[in-house]
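Here is the structure we will look at, set down as structure tokens.
Every heavy atom of this structure was used, including side-chain atoms; hydrogens, water molecules and symmetry mates were not. Predicted model, so just to flag it, every value in this text is computed and none were measured. Note on naming: letters A, B, ... go to the chains in the order of the sequence lines (proteins, then strands), and numbering restarts at 1 for each one.
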Amino acid sequence: MISDAKGEDNQPDNYTLTIALKACAGLQLLKQGEILHGVLRKNEKIGLDLFVGSALIEFYSKCGKMRDASKVFKEFEKPDVVLWTSMVSGYEQNGCFEEAVAFFSERVVEKGVDPGHVTLVSLVSACAKLSNLKLGRSVHGFVIRRGFENELCLVNALLNLYAKTGFVKAAEILFRRMAGKDVVSWSSMIGCYSHNGHAVEALRLFNDMINKGVQPNAVTVVSALQACAVACDLGEGQRIHELATKEGFDVEVSVSTALIDMYMKCLSPNEAVNVFKKMPRKDVVSWAALLSGYSQAGMAYKSIGVFRDMLSSGIQPDAVSMVKILASSSELGILRQAVCLHGYISRSGFDSNAFVEASLVELYSKCGNLDYAVKVFEGSIDKDVVLWSAMIAGYGIHGQGGESLKLFEQMVKSSAARPNNVTFLSMLSACSHAGLVSQGIEIFHMMVNEYGLNPSSEHYGIVVDLLGRTGELDKAMEIINQMPIPVEPHVWGALLSACRIHHNLEIGELATKNLLHLDTNHAGYYILLSNMYAVDGKWGNVEKVRTLIKEKGLKKMFGQSMVEISNEVHSFVADDKFHPECEKIYELLRQLEVIMRLQLEQLYGIFEAPLSFKIT
DNA sequence: TTAGGGTTAG
């Protein structure tokens, strides 16, 4: 229409151009929109209209061209609220959260412009994405002062801010006080509970919503499914699956992916595969959910198979799927495969991702090559807590507790990374493996007194293990008695193992009594106790424990070991009934290597060099 | 204005 326009009478007016620009924005038609902008520049009569200006800004921001949007904005001497709101939301929608906040502050603080509630929605969203609770709360204060408390979109955005920053109490209060709630408010609150680990509350609220007759949407269902995954609640998950199917939400990729994740976390891999197979369209996230599920379930072989199938169906892996495949590989501990994956990663450009780096350090540590782990660690430009913790743990696995301690000191003194709960777990475990009792206890006190961290049951378990290994059973008992949190089975288990090593039947029986009380189904604990009786020749008691194992229907898993000798994998099994799987695993890894090589060749040309990564 | 799969220990 524009290009055919001849003569002034046929020229489009502001109204027409605004609509045309909005259409280009919606369809992301960059070229056509730019032509419209050209027409505008030529026609002085309609050049600087605020309506057209905001349409232009919106168009450029939808096409990801914030520089051009900014140029348009600067052409206006007297921009109105709508115009600069388009800029704030443009930055926010393009993931430039800092810029959104900066642009807002510049207008409000320096130029004294009064923002409207629509502007604040984008600002609050930017705060949520940046996890900037401080700024978000001051915006909340402003919202109250300006009387915007009944603007639904704005309150929903604030709800989301508190959800993302883990401020569950504030979200609850806001949600309770909301006069009108829409499906977004309900979904946000359910999501808030799920993301912050309050699965029971999330599911209670979801059912509450249904009972009140509020119609859920696909987003609500995704949040509720996440809650089922967190709570390992298969029954509820299946009910929500039925509901999703009935409402037709299951055709959405996000819902199917959440279903796969839920089934995997509820230990039902077959159900997860069924959902996956039915998906008409699968993307890298849905593949990764399956891969991640197998990896977390300890089914490394399956996980690697999924990765192979993903590559051969032409899906490009992303950082998340790489992290998961590295985790599965570290379970197999085959160095050749680690080197091969490292080669693939560095050639695909994932090697500067912090998550990937930490997983590589873990992988090389678990494959027994600490030197390679150190090379990856040292090669990282921006070391975060996770990378430091992974390297500390790496030394720990190899019994080099002294190195772990040194690295910890270096981390505290010369980096911006602050140790967290997992760093201390790695430290304690390193001390335990190396028999560094006093240092371990010191670390434990440091964690509480200097860093103000609350030790979890896992931390206590390692401290008990640490004391127990060197025979300080009374001190271990004292630690357990002073625990301010419930004593979980693995803590008693650590004590029991120590009793087995140092042959203390009295404390061993006490530990077992507590384990029985907690109704654990870990066969290993009972076998430990039975062995202790056997050493003393107390065969009557051995018989009693063995009967108990049978009554509970417990089975001890048989172990299988694999050893890599000059690129060949050999397997040893504890029982003849188990067929060695190593042939199959080796074949799978070979196939994977071929596919990775093919993919790299297609993407970047032919490689003369072997895929296996050489570390110099 | 809400949304799917991630890192470190054992």
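- Within 4.0 Å (heavy atoms only), T423(A) reaches no atom of the nucleic acid at all.
- Distance E357(A) CD to dG6(B) C1': 15 Å, rounded to the nearest Å.
- Between Q296(A) and the phosphate of dG5(B), there is no side-chain N or O to OP1/OP2 separation shorter than 4.0 Å.
- For S292(A), whose side chain is taken as the heavy atoms from C-beta onward, the closest listed nucleotide among dG6(B), dT8(B), dA3(B) is dG6(B).
- Residue S188(A) is in sugar-phosphate contact alone, with no base atom involved, counting any heavy-atom pair closer than 4.0 Å across all strands shown.
- The interatomic distance linking E331(A) (CD) with dT7(B) (P) rounds to 14 Å, in whole Å.
- Among the protein residues, H117(A) comes within range of no part of the nucleic acid, since none of its heavy atoms lies under 4.0 Å from any strand.
- Judged by distance alone with a 3.5 Å cut-off, a donor-acceptor contact links the side chain of D318(A) to the base of dG5(B).
- Annotation for N274(A): atom CG counts as buried by contact number, over 12 foreign heavy atoms lying within 6.0 Å.
- Of all the residues in residues 154-162 of chain A, N156(A), N160(A) reach under 4.0 Å from DNA chain B with at least one non-hydrogen atom.
- The residue E92(A) sits apart from the nucleic acid: no heavy atom pair falls under 4.0 Å.
- W186(A) CH2 to S188(A) OG: the interatomic distance, rounded to the nearest 0.5 Å, is 12.0 Å.
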Quiz prompt | Test log, rule side chain to side chain contact (heavy atoms under 4.5 Å, CB included), inputs M310(A) and K282(A) | solution = CA-CA 10 Å; M310(A) 177 176 130; K282(A) 303 163 176 90; over 6 Å; no
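- The closest side-chain donor-acceptor pair between E458(A) and N421(A), if any, does not fall under 3.5 angstrom.
- Counting non-hydrogen atoms under 4.0 angstrom, N353(A) reaches a base of the nucleic acid.
- At the phosphate of dG6(B), OP1 or OP2 sits under 4.0 Å from a side-chain N or O atom of K265(A).
- Atom CG in L174(A) sits about 14 Å away from atom C1' in dT2(B), given to the nearest Å.
- A319(A) comes within contact range of at least one nucleobase, with a heavy-atom separation under 4.0 Å.
- Q226(A) has no side-chain polar atom (N or O) that falls below the 4.0 Å cut-off from OP1 or OP2 of dT2(B).
- Here ring pair (Phe, Tyr, Trp, His ring centres under 6.0 Å) pairs that include residues 149-169 of chain A, with residues two or more places apart or in two chains, are H140(A)-Y162(A), Y162(A)-F167(A).
- With dT8(B), dG5(B), dT2(B) as the choices, the nucleotide that has an atom nearest any side-chain atom of A393(A) turns out to be dT8(B).
- One atom, CE of M447(A), and another, C1' of dT8(B), lie 14 Å apart when rounded to the nearest Å.
- Taking every side-chain heavy atom of V184(A) into account, dT1(B) is the closest of dG5(B), dG4(B), dT1(B).
- Among dG6(B), dA9(B), dG4(B), the nucleotide with an atom closest to any side-chain atom of S426(A) is dA9(B).
- Between K164(A) and dA3(B), a side-chain N or O to OP1/OP2 separation shorter than 4.0 Å is present.
- A 6.0 Å sphere centred on NZ of K181(A) holds more than 12 heavy atoms belonging to other residues, nucleotides or ligands.
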Quiz item: When you look at R204(A) and E201(A), which way does the salt bridge (Lys or Arg N to Asp or Glu O under 4.0 Å) test go after all the steps?
Solution: CA-CA 5 Å; R204(A) 185 182 45 75; E201(A) 285 86 346; 5.8 Å; no
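- Distance M391(A) CE to dA9(B) P: 11 Å, rounded to the nearest Å.
- Side-chain nitrogen and oxygen atoms of H490(A) include none within less than 4.0 Å of the OP1 or OP2 phosphate oxygen of dA9(B).
- Counting to the nearest Å, the P atom of dT1(B) and the CZ atom of F175(A) are 20 Å from each other.
- Base engagement by V285(A) is indicated by at least one non-hydrogen atom pair under 4.0 Å involving a base atom.
- The side chain of T257(A) approaches dG5(B) more closely than any other nucleotide in the set dG6(B), dG5(B), dA9(B).
- Atom P of nucleotide dT2(B) and atom CD of Q215(A) are separated by 20 Å, given to the nearest angstrom.
- A straight line from CG of L387(A) to P of dT7(B) spans 15 Å, rounded to a whole angstrom.
- Listed pair S286(A) / dG4(B) fails the phosphate criterion, with no side-chain N or O lying under 4.0 Å from OP1 or OP2.
- Note on residues 459-469 of chain A: pairs passing side-chain hydrogen bond (donor to acceptor under 3.5 Å, both in side chains), not counting sequence neighbours, are S432(A)-D465(A), S432(A)-R469(A), S456(A)-H459(A), D465(A)-R469(A).
- As judged by a 4.0 angstrom heavy-atom cut-off over every strand, E458(A) is placed among the base-contacting residues.
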Practice problem: Applying side chain to side chain contact (heavy atoms under 4.5 Å, CB included), run through V88(A) and E92(A) and close with a yes or a no. | Solution: CA-CA 6 Å; V88(A) 178; E92(A) 196 270 324; 5.6 Å; no
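- Residue contacts for V222(A): at a heavy-atom cut-off of 4.0 Å it reaches the sugar-phosphate backbone alone, with no base atom in range.
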